[in-house]
2 protein chains.
Amino acid sequence: MKKPNLTSNDIAKHLGVSQSMVSRAFNPKASISDEKRTYILEGAAKLGYKPNALARSLISNRSGLIAIALDSSANPMYDLQARMLASEIQAKGGHAILCPISNGDLDSAIQRAFEYQVDGLIIATSRLSSNVIEQCEQYGVCLSFINRYIDGFRANSVGLDNDDAGNQAADYFFKKGCSSFAFVGSEGGSMTCELRWNAFHRRTLELGLAEPIRISASFDIESGMQAAEQLINSSHKVDAVFCANDIIGIGFIEGLKMHNQGGYKIIGVDDIPMASWPSYQLSTIKPPTDIICKSAVEDLFGRINGNNEKTGNYILFKGTLVERAS
Amino acid sequence: MKKPNLTSNDIAKHLGVSQSMVSRAFNPKASISDEKRTYILEGAAKLGYKPNALARSLISNRSGLIAIALDSSANPMYDLQARMLASEIQAKGGHAILCPISNGDLDSAIQRAFEYQVDGLIIATSRLSSNVIEQCEQYGVCLSFINRYIDGFRANSVGLDNDDAGNQAADYFFKKGCSSFAFVGSEGGSMTCELRWNAFHRRTLELGLAEPIRISASFDIESGMQAAEQLINSSHKVDAVFCANDIIGIGFIEGLKMHNQGGYKIIGVDDIPMASWPSYQLSTIKPPTDIICKSAVEDLFGRINGNNEKTGNYILFKGTLVERAS
DNA sequence: ATGAAAGCGCTAACAC
DNA sequence: GTGTTAGCGCTTTCAT
């Protein structure tokens with residue numbers, strides 16, 4: 001069971017200093033002589049002392065805890081993001097509390113995270129009631145969105161520049177000599193998807209090409225396959241397909257294979273590991289996920305520490321087109 | 001910035017009761033009249049009060065925080081596990097702290113998690129220094145392994161029954177009329193892999209078949225592909241291949257495709273979503289991940305709450321063979 | 001069943 | 001630079 005913790009008081013007694021000195025030794029910006037600091041730090045290490053972050057948080061009103069709300073989706077992209085966010089949070093001296101949104105109680109987990117005095121909440125899911133978001137305001141919990149966009153809240157949004165992604169896709173197809181474009185993605189619902197479509201659509205027209213067609217698909221393999229089937233069976237003579245993400249793109253390729261079709265230029269978004277697998281060789285727009293996560297955490301901690309107060313920002317990063325066989 | 005928190009004291013004053021009564025109202029097994037409890041609970045909710053879990057943890061010496069150490073591997077299996085573990089922990093009233101093991105400082109993140117008084121640590125990676133594990137003993141942090149096996153520590157290990165998996169693979173191949181088996185997996189290092197090989201090997205001999213050959217491969221697509229190439233170029237007339245996991249299995253299939261080869265029965269382990277993708281149709285041994293995670297968390301909380309003290313156990317669950325085209 | 005009081009381990013404001 | 005003191009918000013005796 002739980003062993004009795006060694007406290008700063010114990011250390012102080014053992015080393016013949018006051019308890020505050022022990023506290024100061026562990027606080028880099030406290031005024032204490034170097035001599036004493038090393039003496040205490042070494043002594044504490046020898047005795048196996050570790051400061052109690054809970055007690056520190058209680059008094060300092062800063063827990064260093066950040067909750068990450070994420071979908072239980074099968075898209076590896078989200079997990080990668082969550083892991084990267086957690087790493088960045090740790091690098092900043094905090095810790096990430098993982099809040100997967102399970103079907104049942106949508107946000108009770110996050111409600112309880114608030115009881116742990118989380119300093120911030122990063123939302124990487126769309127399935128979150130605005131109730132939670134309102135509580136962020138109420139409790140003063142800083143809020144960030146990753147690749148999500150919800151207006152009207154004191155939050156910033158960090159993610160891929162979807163506008164640019166749509167443009168890049170159209171430009172790439174055009175450069176490759178394609179002239180009849182299609183877009184596959186969810187209809188309504190996803191703001192991300194809508195932005196990609198809008199830019200892709202606009203740029204296609206700017207290039208003097210015909211109106212691109214839009215095929216509806218949710219974010220899974222099967223939907224991508226169905227989209228391919230649908231396109232094959234239609235009368236459209238499309239030669240380039242922009243898929244809202246790699247999962248759909250891979251599904252689309254699977255659909256083509258199944259019907260022994262080909263001849264389309266295909267681009268996805270995300271550059272999940274599977275996109276590079278030999279069977280797919282899916283060209284894709286790769287978001288700078290490391291930069292996005294780092295930037296999101298930086299922004300969040302900036303607000304937590306009161307360095308920047310600004311909210312309502314979209315901090316966007318351009319993706320890079322990874323050209324593969326598709 | 002951080003708003004001043006509403007405390008139980010504030011609530012007490014507002015409602016004209018003592019602070020202890022507010023505390024009791026929130027503690028299901030405290031002695032308080034139903035009348036008062038509902039009165040306080042409703043009043044608190046109206047005022048927007050939430051108890052401070054940090055303060056509770058400080059006094060009760062139980063944080064409800066569980067750290068999950070996981071690799072930053074590209075295997076979707078690990079992320080799924082992490083998410084499921086987090087959900088189970090939440091279901092038990094706790095919270096999961098995500099500790100991805102980044103390349104640099106192997107366990108400094110976990111060291112710091114100890115400062116947050118985590119009640120337990122679930123290890124889902126092999127890249128963890130035993131230093132951390134020793135600290136678990138020292139600090140009285142309960143320890144669990146998921147699909148990992150390290151002896152000599154006060155910990156339990158929950159996961160797939162690798163023995164049974166090896167047997168199932170050999171039996172399945174035999175049933176399908178195959179007679180010359182190969183195994184692809186990492187050499188040394190992974191205990192998991194070793195157990196699967198051992199059982200597969202033993203059962204193959206028990207079936208009266210020839211010694212299975214063993215091809216070395218690390219846990220990534222490329223290694224799987226190389227293994228296929230190696231087998232193709234060798235003189236072995238293998239007709240069935242047991243891959244240590246799905247990633248290797250998919251790589252193996254990719255390798256075969258690349259050389260226009262076929263005719264092997266192939267089985268993987270994990271049943272990651274990609275195994276069912278049309279291009280692979282990889283038969284696989286599917287671990288009951290939900291049960292494994294639930295059981296791991298249950299066992300861990302059992303020890304944390306002092307209900308069961310037993311350690312050194314292997315809690316194993318049999319996988320089910322998912323038969324696909326491969 | 002209820003209230004008063006002690007104290008969990010720490011930080012920070014205050015003296016010196 | 002260092003020691004003393006007062007809490008952070010809660011749970012838990014201990015009275016009543």
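Numbered from 1 within each chain, the chains take letters A, B, ... in sequence-line order.
First and last contacts of DNA chain D with chain A, using any nucleotide atom under 4.0 Å from a protein heavy atom and ordered 5' to 3', fall at D:dG1 to D:dG9.
Distance CD1 (B:I40) to C1' (C:dT2): 10 Å, rounded to an integer number of Å. Between B:L54 atom CG and C:dT11 atom C1' there is a gap of 14 Å when expressed in whole angstrom units. The CG atom of B:L58 sits 12 Å away from the C1' atom of C:dT11 (whole-angstrom rounding). In this structure, A:I59 atom CD1 and C:dG7 atom P are separated by 18 Å, rounded to whole Å. Here C:dT11 presents its P atom at 13 Å from CE of A:M21, a figure rounded to the nearest Å. Between the CG atom of A:N5 and the P atom of C:dC10 there is a distance of 8 Å, given to the nearest Å.
Counting all heavy atoms, side chain and backbone alike, B:R83 lies closest to A:P100 at O-CG, 3.5 Å. The two residues B:V141 and B:L121 have their closest heavy-atom pair at CG1-N, 3.9 Å. In plain terms, the two heavy atoms of B:E115 and A:R56 that are nearest each other are OE1-NH2, 3.7 Å. Listed here is the closest heavy atom pair of B:V158 and B:A296: CG2-CA, 3.7 Å. Across every non-hydrogen atom of A:L300 and A:C142, the tightest pair is CD1-CB, 3.6 Å.
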For a quick test of your reading: what N or O donor-acceptor pairs under 3.5 Å do the side chains of residues 23-34 of chain A make, sequence neighbours left out?
{"unit_1": "A:N27", "atom_1": "OD1", "unit_2": "A:K29", "atom_2": "N", "d": "3.0"}
{"unit_1": "A:S33", "atom_1": "OG", "unit_2": "A:K36", "atom_2": "N", "d": "3.2"}

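Ranked by how close their nearest DNA chain C nucleotide is to the 5' end, B:G16 and A:L6 are led by B:G16.
The stretch residues 23-38 of chain A touches DNA chain D through A:R24, A:S31, A:I32, A:S33, A:K36, each having a heavy atom within less than 4.0 Å of the strand.
We find that B:R303 and B:D299 are joined by a salt bridge, their nearest charged nitrogen and carboxylate oxygen being less than 4.0 Å apart.
The phosphate of C:dT2 (OP1 or OP2) has no side-chain N or O of B:Y39 nearer than 4.0 angstrom.
For the 3.5 Å distance criterion, the side chains of A:N156 and A:K310 fail to qualify, holding no donor opposite an acceptor. A:N162 and A:Y149 form a side-chain donor-acceptor contact under 3.5 Å, judged by distance and modelled atom types alone.
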